[in-house]
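Structure first, then comments.
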Amino acid sequence: MCGRFAFHSPASLLVDRFAATIHGDAPAPRYNAAPMQTLPVVRFNPETKERRLSPLRWGLVPVWSKDPSGAAKMINARAEGVTERPAYRSAFKKRRCLVPFDAYYEWRKVDGAKIPHAIATDSNGPDAFAGLWEGWKDPASGEWLHTFTIITTEANDATRAIHDRMPVILPPDHWSA
DNA sequence: CCAGACGTTGTT
DNA sequence: GTCTGG
DNA sequence: CCAGACGTTGTT
DNA sequence: GTCTGG
């Protein structure tokens, strides 16, 4: 799965590598990004053809939700069901995003103890998780809440020894899709 | 028809 | 909004 | 994912 | 032990 991660590359490197403009303040480095925190993601706006790095809250709230209380359960979306699940399928069609990271954490069980491991990118700079995003309008305030989730899949060779699930990592040639 | 869910992981 | 379970 | 709570009544 | 909040 993916419940914690880090990103600490300088903002200038994010801008170059993702060809994105920064919306709002430059993101601060994070070594322990956690669910329900507001974290930088890259989105493509088909109207303006612009790619932007914007702060969204981790934990997806579908637009039809009565309230945002289910967000913490929606931090990951299984790749196997992302086209079918009511909570994710419309975002999968129209609202994909990139979640920049430098490392992610998985916990390994050893005799009942949980040992955290960091799986880091190689030295080319930040990579990207495959994400989905949504907007939810608070009926009380009229404010829009923007949220995202990280897609997960079966672990690859680098991760399998630690854990059986991991975030989907998109290679750079998929960042424009 | 209406009411209620809509999610993932890990552990037994 | 849309599907599932009753 | 981890950390921390795990409760009710009445009043603003 | 299990749920909630971050």
Side-chain angles (χ1 to χ4, degrees), chain A residues 1-9 24-25 27-41 46 54-121 126-170:
Chain A
M1 74 173 303
C2 182
R4 299 269 171 159
F5 65 96
F7 62 90
H8 43 68
S9 297
D25 294 332
R30 306 291 295 259
Y31 290 88
N32 195 15
M36 302 306 285
Q37 292 177 347
T38 299
L39 303 165
V41 309
S54 316
L56 275 69
R57 203 178 73 171
W58 185 11
L60 192 108
V61 178
V63 69
W64 40 258
S65 298
K66 290 183 189 68
D67 62 69
S69 62
K73 298 174 186 173
M74 309 277 198
I75 65 171
N76 293 145
R78 289 175 63 88
E80 295 88 338
V82 86
T83 63
E84 297 298 324
R85 297 267 181 219
Y88 300 131
R89 61 187 168 196
S90 80
F92 183 74
K93 282 185 202 160
K94 296 188 172 181
R95 288 177 303 281
R96 300 180 188 185
C97 61
L98 304 173
V99 183
F101 75 97
D102 292 285
Y104 60 96
Y105 303 110
E106 298 288 356
W107 277 255
R108 187 167 58 104
K109 282 266 178 190
V110 183
D111 299 330
K114 293 199 243 182
I115 314 292
H117 293 257
I119 299 98
T121 62
D127 279 336
F129 298 136
L132 308 173
W133 68 273
E134 281 267 10
W136 180 80
K137 191 178 183 180
D138 186 335
S141 67
E143 296 288 304
W144 281 90
L145 174 67
H146 291 106
T147 62
F148 73 96
T149 190
I150 295 170
I151 300 176
T152 61
T153 189
E154 195 176 339
N156 64 9
D157 291 341
T159 304
R160 200 181 334 271
I162 301 161
H163 196 71
D164 62 343
R165 302 287 299 175
M166 65 176 281
V168 171
I169 297 168
L170 294 176

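Just so it is clear, the model here is predicted, and its values are computed rather than measured. First the proteins, then the strands, lettered A, B, ... as listed; each starts at 1. These numbers come from the heavy atoms of this one structure, side chains and all, not from hydrogens, waters or symmetry mates.
Taking atom C1' on both D:dG7 and B:dC1, the two are 40 Å apart, rounded to the nearest angstrom. A distance of about 13 Å separates the C1' atoms of B:dT12 and E:dG1, rounded to the whole Å. Taking the P atoms as reference points, E:dT4 lies 14 Å from B:dC6, given to the whole Å. D:dT9 and B:dC2 are spaced 36 Å apart, taking the C1' atom of each and rounding to whole Å. To the nearest whole angstrom, the two P atoms, one in E:dG6 and one in B:dA5, are 23 Å apart.
Within 4.0 Å (heavy atoms only), A:Pro62 reaches no atom of the nucleic acid at all. No contact: A:Trp58 has no heavy atom under 4.0 Å from any strand. Across all strands, A:Tyr88 comes closer than 4.0 Å only to sugar-phosphate atoms, never to a base (heavy-atom distances). Residue A:Asn32 is classed as having no contact, given no heavy-atom separation below 4.0 Å to the nucleic acid.
Of the side-chain N and O atoms in A:Arg85, one or more sit less than 4.0 angstrom from OP1 or OP2 of B:dT8. At the phosphate of B:dT9, OP1 or OP2 sits under 4.0 Å from a side-chain N or O atom of A:Arg165. Listed pair A:Lys73 / B:dC6 fails the phosphate criterion, with no side-chain N or O lying under 4.0 Å from OP1 or OP2.
Judged purely by atom type and a 3.5 angstrom limit, A:Asp102 uses its side chain to pair as donor or acceptor with the backbone of A:Ser9. Counting only distance, with no hydrogens or angles, the side chain of A:Thr147 and the backbone of A:Val61 share a donor-acceptor pair below 3.5 Å.
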Worksheet item: What string of B, S and - do you get for nucleotides 1-6 of chain C 5' to 3' if you count protein non-hydrogen atoms under 4.0 Å?
Response: BSS---
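Atom CD of A:Glu154 has 12 or fewer neighbouring heavy atoms from other residues, nucleotides or ligands inside a 6.0 Å radius. No more than 12 heavy atoms of other residues, nucleotides or ligands sit less than 6.0 Å from atom CG of A:Asp25.
Note: CZ (A:Arg78) to P (B:dT8) measures 7 Å, nearest angstrom. Taking atom CG on A:Asp164 and atom C1' on B:dT8, their separation rounds to 11 Å, with Å as the unit. The nearest whole Å value for the distance from the CG atom in A:Leu132 to the P atom in B:dG7 is 12 Å. To the nearest angstrom, C1' of B:dC6 lies 14 Å from CD of A:Glu84. Rounded to whole angstrom, the span from the CD atom of A:Glu106 across to the C1' atom of B:dT8 amounts to 12 Å. Regarding A:Met166, its CE atom lies at a distance of 16 Å from the P atom of D:dC1, rounded to whole Å. Atoms NZ (A:Lys114) and P (B:dT9) sit 14 Å apart, rounded to a whole Å. One atom, CD1 of A:Ile119, and another, P of D:dC1, lie 13 Å apart when rounded to the nearest Å.
For A:Glu80, the side chain to side chain contact (heavy atoms under 4.5 Å, CB included) partners two or more places apart in sequence, or in a different chain, are A:Arg78, A:Arg165. Remark: A:Arg108 pairs with no residue by the salt bridge (Lys or Arg N to Asp or Glu O under 4.0 Å) rule, at least two apart or across chains.
To the nearest 0.5 Å, the span separating SG on A:Cys97 from CH2 on A:Trp133 amounts to 8.5 Å. For the atom pair CG of A:Leu145 and CG of A:Asp138, the computed distance is 8.0 Å after rounding to the nearest 0.5 Å. In this structure, the separation between OG1 on A:Thr83 and CZ on A:Arg89 is 9.5 Å, given to the nearest 0.5 Å. Here the CG atom belonging to A:Asp157 is positioned 9.0 Å from the OG1 atom belonging to A:Thr159, to the nearest 0.5 angstrom. Taken from CG in A:Leu60 to CZ in A:Phe148, the straight-line distance is 10.0 Å, to the nearest 0.5 Å.
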Worksheet item: Could you spell out the base pairing of DNA chain B in dot-bracket, with Watson-Crick or G-U pairs whose two distances are under 3.5 Å, [ ] crossing and | to another strand?
Response: ||||||......
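Both tests do not hold together for A:Arg95 against A:Phe92: distance to the six-membered ring centre under 6.0 Å, angle to the ring axis within 45°.
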Pairs of donor and acceptor atoms involving the side chains of residues 66-77 of chain A, under 3.5 Å and at least two apart or interchain, shall be tabulated with distances.
residue : atom : partner  : partner atom : Å
A:Asp67 : OD1  : A:Ser69  : N            : 2.8
A:Asp67 : OD1  : A:Ser69  : OG           : 2.3
A:Asn76 : OD1  : A:Cys2   : N            : 3.3
A:Asn76 : ND2  : A:Cys2   : O            : 3.1
A:Asn76 : ND2  : A:Ile150 : O            : 3.4

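Within residues 143-161 of chain A, the residues approached by DNA chain B to less than 4.0 Å at the level of any non-hydrogen atom are A:Thr152, in residue-number order.
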